[in-house]
Amino acid sequence: FDSAKVFRVKPQNEKQVNFMRNLATVIQPIDFWYPDSALQIVNQMEVDFLVSADQTENVEALLKDNNIHYEILFQNLQEDIDKQLDNKRNSTC
Amino acid sequence: KHSYTKYNNWPQIYSWITRIARKNPELVSRIKIGNTFENRPIYLLKIGKQRDAKKAIFVDCGIHAREWISPAFCQWFVKEAIRTYGKDSSMKNILDNMNFYIVPLVNIDGYVWSWTQDRFWRKNRSNASSNACVGVDLNRNFDVLWGTVDASKNPCEEVYCGSSPESEPETKAVTTFIHSHLSSIKAYLTIHSYSQMVLFPYGYTYDKVPNYNTLNGLAKGAAKAIASLYGKKYKYGASASTIYPSSGCSDDWAYEQGIKYSFTFELRDKGKYGFLLPESEIKETCQEIMLAVKFLANYILNQT
C-alpha cells in the first residue's frame, strides 16, 4: 500500500453516480471501503475508495475532468498501517 | 500477549478463547461450531449462568476480515461480562437468566490473510470457484433472496455471494448452530465496521418489517445508549434505507428464521480511519457498544 491513497467523494447528481460506478471498470484495482461496492453508490452518498499508487494520478485527473469534488483521507496508506503495527510491536516487546 | 486494547492476531485470539473458557467454567463454555475453508476451527463461547436458559442472544464478530474492531469488541464483551458479573446487578441479572452465544471470529481465514498478506482483505479465502479470484463475501452468502440485490456473481468482486446460498463453511457453521438453537435465540447481533450505525432488517427490500416500530425504537435506544458515554452519534434505521439495499446478509437471514430482534452494528468511525481505527479507540468503542448490547439484552429479558 506504499503511496496508495483513500479518496472520498460525494456524487451530486446521477451523472456523477454513473461516473463513480464506472470508475472501477476503468481503473483497477479500486477497493471500495464504503459502500461495499460500486453497485451500491447513490446520489449524495459519501463514497470512500482505495486506489493504488500507480493509479492515483489518473483517478485525480478523472475526478477533476468530471468536476467531482474529492478529499483524500489517507495520503500514504502504508504509513498509517505502519504506525499501527509499530504500536503492536512495541506492546509485545 | 493478548490485550483487550490492542488488535490481536488469530493465534492470540485462539489461545484467549481456550484460556477464558478454562478459567471461567461457571460462566463460559467453548463450543466448536465448524471449520473454515482452510480447516481452522470456528469456536463459539457460551456465556451465562443457566445451563438451559430459555432465552439467548447470538452475537457474531469478524464476518469481514479487515474490520478488526469487530472481533476486538467480542473479546471485550466476554471479558466485561465475566468481570462485572457479581459486581453489576444488571449484568448479573442478564447472565443469570439468559445466555449469550458469542462467535469471536467467524472469518478466521480472511482475518489471518488481513494480518499477513493484505490488510484490506474482506472476504473468506475460499477458492472453490473455477475463477482465479479468491474469496466469498460471507455477508452475501446467507439464504435470503441470495444473489438478487446488489450482490455479485463475479468471484473477483468484493461482494461475491458465492456459488450458492450457504456455500461457505463459515456461513454454514453459523446457520447450523442458530438452527439447532432457534427456540432459545431471541436476538441476533452482528458486529461490523465502519460508519457508526445501528441497523435492522430489511436490507433486501425497502419494505418495512412487521415489527418495524419496535425495532426502530430499540435501535434508537441503542444509539442513545451509545451516545450517552462519549457523545458518538450513530445513525439508526432499516438497512436498505439507511445504508443501501443488499441481499444475502446475515441479519435478514436471522430475521427470516424467526429471530425478530436482529441488528447489525457498524462501529466507529465515520471514515477518518476507515478500517484502520487506531488501537487507542478500541476501549471507548467497545465501552459504548457494550451499553447498547446491555440495553437490548435487558429488553429481550424483560419484554419478550
Side-chain angles (χ1 to χ4, degrees), chain A residues 1-11 17 20-25 27-53 55 70-93, chain B residues 1-3 5-9 12 64 66-68 114-116 118-123 133 137 139-140 149-154 156-161 192-197 203 239-247 249 266 269-282:
Chain A
F1 303 108
D2 246 347
S3 300
K5 287 182 167 57
V6 176
F7 291 80
R8 170 170 289 172
V9 301
K10 192 173 182 179
V17 168
M20 287 306 304
R21 286 179 180 164
N22 289 328
L23 189 62
T25 62
I27 303 284
Q28 289 186 331
I30 283 188
D31 177 9
F32 281 92
W33 282 21
Y34 187 93
D36 291 334
S37 81
L39 301 168
Q40 295 145 344
I41 297 169
V42 294
N43 197 11
Q44 296 296 326
M45 173 187 271
E46 283 189 336
V47 180
D48 301 345
F49 57 98
L50 166 64
V51 180
S52 60
Q55 295 289 358
Y70 65 92
E71 59 179 307
I72 296 177
L73 300 174
F74 291 96
Q75 287 285 353
N76 183 343
L77 197 55
Q78 192 59 48
E79 282 181 3
D80 289 277
I81 295 171
D82 289 343
K83 278 182 209 161
Q84 277 197 20
L85 295 178
D86 282 347
N87 289 341
K88 169 59 69 181
R89 275 195 289 275
N90 290 340
S91 72
T92 53
C93 277
Chain B
K1 297 293 184 283
H2 178 275
S3 167
T5 53
K6 307 275 180 200
Y7 294 117
N8 296 292
N9 62 24
Q12 289 168 324
H64 289 143
R66 60 193 180 184
E67 299 169 12
W68 286 6
S114 75
W115 270 83
T116 57
D118 179 350
R119 174 64 185 80
F120 299 108
W121 190 257
R122 166 187 172 87
K123 302 184 282 185
C133 292
D137 180 351
N139 208 27
R140 298 290 182 283
V149 184
D150 284 344
S152 176
K153 299 273 176 76
N154 176 358
C156 298
E157 294 277 351
E158 291 284 44
V159 288
Y160 174 49
C161 56
H192 288 254
S193 75
Y194 58 96
S195 65
Q196 296 186 188
M197 293 179 185
S239 291
S241 55
T242 308
I243 184 165
Y244 40 73
S246 54
S247 62
C249 293
E266 297 281 355
D269 70 330
K270 296 178 93 170
K272 182 179 176 187
Y273 301 112
F275 305 110
L276 296 178
L277 186 71
E279 290 179 327
S280 59
E281 294 208 24
I282 293 175

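Chain identifiers are assigned alphabetically (A, B, ...) following the order of the sequence lines, protein sequences preceding nucleic acid strands; residue numbering begins at 1 within each chain. Computed from a prediction, not measured in an experiment: that's the story for all the values here. Side chains are part of it too, since the values below use all heavy atoms of this structure and drop only hydrogens, waters and symmetry mates.
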Self-check item: Proximal component of L50(A), with respect to chain B [non-hydrogen, under 4.5 Å]
Solution: side chain
Quiz item: Partners of E71(A) by salt bridge (charged side-chain N to carboxylate O under 4.0 Å, His left out), sequence neighbours excluded?
Solution: none
Quiz item: Rounded to the nearest 0.5 Å, how far does CH2 of W33(A) lie from CZ of F275(B)?
Solution: 6.5 Å
Exercise. Provide the closest heavy-atom pair for R140(B) versus Q40(A) in the form atom of the first, atom of the second, distance.
Key: NH2-NE2, 3.2 Å
Quiz item: Does Y244(B) use its side chain to pair, donor to acceptor, with the backbone of D36(A) at less than 3.5 Å?
Solution: yes
Quiz item: Does a side-chain heavy-atom distance below 4.5 Å link Y273(B) with L73(A)?
Solution: no
Quiz item: Which pair of non-hydrogen atoms, one from M197(B) and one from Y34(A), has the smallest distance, and what is that distance?
Solution: CE-OH, 3.5 Å
Self-check item: Among the listed options V42(A), D31(A), V6(A), the residue most often paired with chain B at heavy-atom distances under 4.5 Å
Solution: D31(A)
Self-check item: Top contributor to chain A interface from D118(B), V159(B), N139(B) [non-hydrogen pairs under 4.5 Å]
Solution: V159(B)
Quiz item: Mind checking what makes side-chain contact (heavy atoms from CB on, under 4.5 Å) contact with D80(A), not counting sequence neighbours?
Solution: F74(A), K83(A), L276(B)
Self-check item: Option that, when pairs with chain A are counted at under 4.5 Å, heavy atom only, ranks first among E157(B), E158(B), R122(B), K270(B)
Solution: R122(B)
